[in-house]
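Only one structure is covered here, and it is reproduced in the block below.
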Amino acid sequence: MTAFVPDPLTLVLATPRPGAPRVSVTGDLDYNTAEELLNTAVAALDGGGVTDLHLDFGGLHFCDSSGLSALLRIHHHAAAAGARLHLEQRPPVLERLLDVSGTHEYLTGAAAGAASHSFTQD
């Protein structure tokens, strides 16, 4: 039997336009790596003037409940900073976790943004 070996998490923070940092996520988001994503996202918000925080999950392979918890905490920090959270390029593993947990609309719908922002599909 082959042991499960998680894919290492790689985070790349860039700011392609002012006020809209993007964190590209590759690998597994789990108990061992969720805090790293949280810290990176919070650091991106700390500079002030952020209107949109983009998390790009195009390279995400796995996400567990710890990853979901980090996303909920990131949502809280983004809302407190007055920034809209965008979960982009969500793979099926993340879509399923959001659906099963009942957090899909909360994290990706109108509630994900500040009250003054309208919902757009990412």
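The analysis underlying the following values was restricted to heavy atoms, covering all of them including side chains, and did not include hydrogens, waters or symmetry mates.
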Residues 16-27, side-chain donor-acceptor partners within the protein, below 3.5 Å, at least two apart:
from	atom 1	to	atom 2	distance (Å)
R22	NH1	E88	OE1	2.3
R22	NH2	E88	OE1	3.3

Discussion item. As an exercise, state the distance from CG of L9 to CG of N32, rounded to the nearest 0.5 Å.
Written reply: 10.5 Å
With a cut-off of 3.5 Å and sequence neighbours excluded, list every side-chain donor-acceptor pair involving residues 61-71.
from	atom 1	to	atom 2	distance (Å)
H61	ND1	D7	OD2	2.6
H61	NE2	G59	O	3.3
D64	OD1	S66	N	2.9
D64	OD1	G67	N	3.1
D64	OD2	Y31	N	3.3

Worksheet item: Any donor and acceptor pair, going by atom type alone, linking the side chain of N39 with main-chain N or O of V42 inside 3.5 Å?
Response: no
Worksheet item: Got a second to check how far L53's CG is from L85's CG, nearest 0.5 Å?
Response: 5.5 Å
Item to complete: Tell me, please, which residues at least two apart from E36 pass side-chain hydrogen bond (donor to acceptor under 3.5 Å, both in side chains).
Response: none
Worksheet entry | Beyond-backbone contact of D52 with H86, side-chain heavy atoms, under 4.5 angstrom | yes
Item to complete: Enumerate the residue pairs fulfilling salt bridge (charged side-chain N to carboxylate O under 4.0 Å, His left out) with a member in residues 69-80, sequence neighbours excluded, ordered by first and then second residue.
Response: E35-R73
Item to complete: State, to 0.1 Å, how close V50 and A44 come at their nearest heavy-atom pair, and which atoms those are.
Response: CG2-O, 3.4 Å
Worksheet entry | Step-by-step side chain to side chain contact (heavy atoms under 4.5 Å, CB included) determination, H77 to H75 | CA-CA 6 Å; H77 285 280; H75 176 274; over 6 Å; no
Discussion item. Could you report the tightest heavy-atom contact between L94 and R90, atom names first, then the distance?
Written reply: CD2-CG, 3.9 Å
Fill in: side-chain hydrogen bond (donor to acceptor under 3.5 Å, both in side chains) partners for D28, two or more places apart
none
Discussion item. Quick check on side-chain contact (heavy atoms from CB on, under 4.5 Å): which of L87, L11, L60, T40 does L55 satisfy it with?
Written reply: L87
Fill in: CD on E95 to CZ on F57, rounded to 0.5 Å
11.0 Å
